[in-house]
Structure formats: structure tokens, C-alpha cells
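Notes for the one structure printed next.
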Protein chains: 2
Amino acid sequence: MPWILNASGPIFVQLIEHLQNNIVSGKYDPGQKLPSVRDLAFDAGVNPNTMQRALSELESTGLVHSETTSGRFITEDKKMIDELRASLADSLKQEFFINMGKLGFSEKEILQFVNQNSTAK
Amino acid sequence: MPWILNASGPIFVQLIEHLQNNIVSGKYDPGQKLPSVRDLAFDAGVNPNTMQRALSELESTGLVHSETTSGRFITEDKKMIDELRASLADSLKQEFFINMGKLGFSEKEILQFVNQNSTAK
DNA sequence: ATAACTGTATTAAGTGGTTAATACAATTAT
DNA sequence: ATAATTGTATTAACCACTTAATACAGTTAT
């Protein structure tokens, strides 16, 4: 899975989202040690400064924490991770309904549209 | 409805999306004359240059066309408008499923999640 | 006719994100 | 002990987006 997809937002925001997704989806385990800033930056094809920025912002949410010279670690608070996952899902759902509404779809029409598999295949 | 909401992307892109939404949702009628660049810019709280950019990019898609000194008009091609609406809806749906997938939701779980009204109230 | 309005264009300045090239102190590996 | 690795910090440069201040030719309204 490539790190950078949509050129819409700033890269460091996309990095934050990518890291968040990997954590809440279980690709990273609670308490697990993360690769170094430089390695992560290399993987993402991004400048280390940019990755550093994304990580330090993630840190302010408590999702990860850094031991200054030994490395960076995912939080062990599984409840926090699950709550974040639920919160992100709610936001996506809400945003989806809002944007569909802007296209002129009613709530009923949105539900019909989602449950019909026109996209898949 | 305010023009600028998410600070994520460039303003001119958000303006394009806002205009597109107003067209496909029927707030603007096919063939209707648009307010002037300056008026639209004032409504959106944006510099006229930025609105001009959004409009000229919209023009390249054929959705609007400008009569150099008499004004700018929505296309009269209703089929084009409806197809754009369907296309935008498909994109939103697809994007929603992709992003939910990144959170670790299966397709079945996404459908369950959407059809249950946890967000609404 | 004259004033106001139309889309369009140009130049300059400011801002934020990104990259690049380093540097440092502290821990870990050999 | 010595070298490599850790997170962190700093400075400079570049680029896209945005705003600001105009300007122009052609149309419309009065």
C-alpha cells in the first residue's frame, strides 16, 4: 500500500492518516516498536523532516510515544485504539452522507445507493 | 451553506467542488446565467483571481461556458449533468469503502455499519 | 454617449508545505 | 571503546496557492 495517494492535502497529514490506519487496523500491534524516522521516511518516499512532523503530531494525540534515543512505540492502550477506530469510522460515514447530500441525495436514496452493488464489478 | 469548509485542499479546488455540487444538485438550472466572477468571489469570501481560476477550470470540463463580456452560463446538456452526478456519487461511494477498508472493515461490516443508525442521533 | 459591468490578464508580495544538508546528545551494537 | 543508530533541531532554498492592486476591451444599462 503506497503512502501518498491523494495530492489534495499536505503530505504530513496523509502520513498521519496512513499511520493511524495501520495502527487501528492492526497492522501495527499495541506496544510495538516503530521503524526509525529515517526508515519510515524512506519507505514513504518522503523527506525525514516531513515524517518527523507527522510522527510528532501523532505523539500529541497519545497514539504513539517516543523514547528519545531508543525509538518510537505504539501505545499499549487498546481501548484508546479501538475508540479511535470507531471515531474515524463515524467520521467517514458522516462525511459520506454529507457529501452525498450535497449531490442532492436524500438519506433514503443514499441507503438504497449503498446497498446496491453498482460499484463492485 | 458556506463555501470553504475543509482546510485540507487548495481553495480553488473546493470552489470547483462547491460549484459542481450546486449544478448537479439542481441549485443552478441548466442554461442559467451565473453571477459575475466578482460577485461569486465576494459570496465565497475569496479573491476574484481564485474564483476565476476555479471557473476557468470548470469551463475546461464543459460544465460551464463563458460569453466573454456578457457572462457565464451553466451548460444546457442535462444528460452531461446527470452523468456527472452519477459519476461523483460513484466516486464518493468507492472512496468511502476504500477508507473504511483501511480501518480494517470488511465489505460486510461496512454495510452493517452504514445501515445501522449510530451516527444519526 | 456615458457609466457600469463583463471576463480576462499581469505583476508583486506573502504564506505554508516540502526538501536538503547538516548537527547534536544519548543509546545500542560490535 | 568505537561505530552505528536513535529522536530532535536548525537553516536555507524552492514551489504552489492566495491575495492585492491594477489594467484592458467589449457589452449592457441608463
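The figures here come from the full heavy-atom set of this structure, side chains too, leaving out hydrogens, waters and symmetry mates.
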Measure from the side chain of B/T50, starting at C-beta and using heavy atoms only, and say which of D/dC17, D/dT19, C/dG17 lies closest. D/dT19

B/F42 CZ to D/dT19 P, straight-line distance once rounded to whole Å: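 Between P of D/dT19 and CZ of B/F42: 14 Å.
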
Within this structure, what is the CG-to-C1' distance between B/L40 and C/dG7, rounded to whole angstrom? 12 Å

Using the test side-chain contact (heavy atoms from CB on, under 4.5 Å), find all partners of [X] that sit at least two apart in sequence or belong to another chain.
| X | answer |
| --- | --- |
| B/S60 | none |
| A/N49 | A/N47 |
| B/L111 | A/V114, A/N115, B/F97, B/N115 |
| A/P48 | A/A41 |

Mind listing the N/O atom pairs, protein and nucleotides 1-4 of chain C, below 3.5 Å?
none

With B/D77, which residues qualify under side-chain hydrogen bond (donor to acceptor under 3.5 Å, both in side chains), at least two apart? none

Whether B/K93 engages the ring of A/F96 as a cation-pi pair (distance to the six-membered ring centre under 6.0 angstrom, angle to the ring normal within 45°) should be assessed. no

Nucleotide N/O of nucleotides 6-11 of chain D paired with protein N/O under 3.5 Å:
from  : atom 1 : to    : atom 2 : distance (Å)
D/dT6 : OP2    : A/S36 : OG     : 3.3
D/dT6 : O4'    : A/T69 : O      : 3.4
D/dG7 : OP2    : A/V37 : N      : 3.1
D/dG7 : O4'    : A/T68 : O      : 2.5
D/dG7 : N7     : A/R38 : NH1    : 3.1
D/dG7 : O6     : A/R38 : NH2    : 3.0
D/dT8 : OP1    : A/S66 : OG     : 3.0
D/dT8 : OP2    : A/Q52 : NE2    : 3.2
D/dT8 : OP2    : A/R72 : NH2    : 2.3
D/dT8 : O4     : A/R38 : NH2    : 3.3

Hey, can you pull the donor-acceptor pairs under 3.5 Å for the side chains in residues 30-37 of chain B, sequence neighbours left out?
from  : atom 1 : to    : atom 2 : distance (Å)
B/Q32 : OE1    : B/D29 : N      : 2.7
B/K33 : NZ     : B/S70 : O      : 3.0
B/S36 : OG     : B/D39 : N      : 3.1

For A/E76, the salt bridge (charged side-chain N to carboxylate O under 4.0 Å, His left out) test, sequence neighbours excluded, returns none

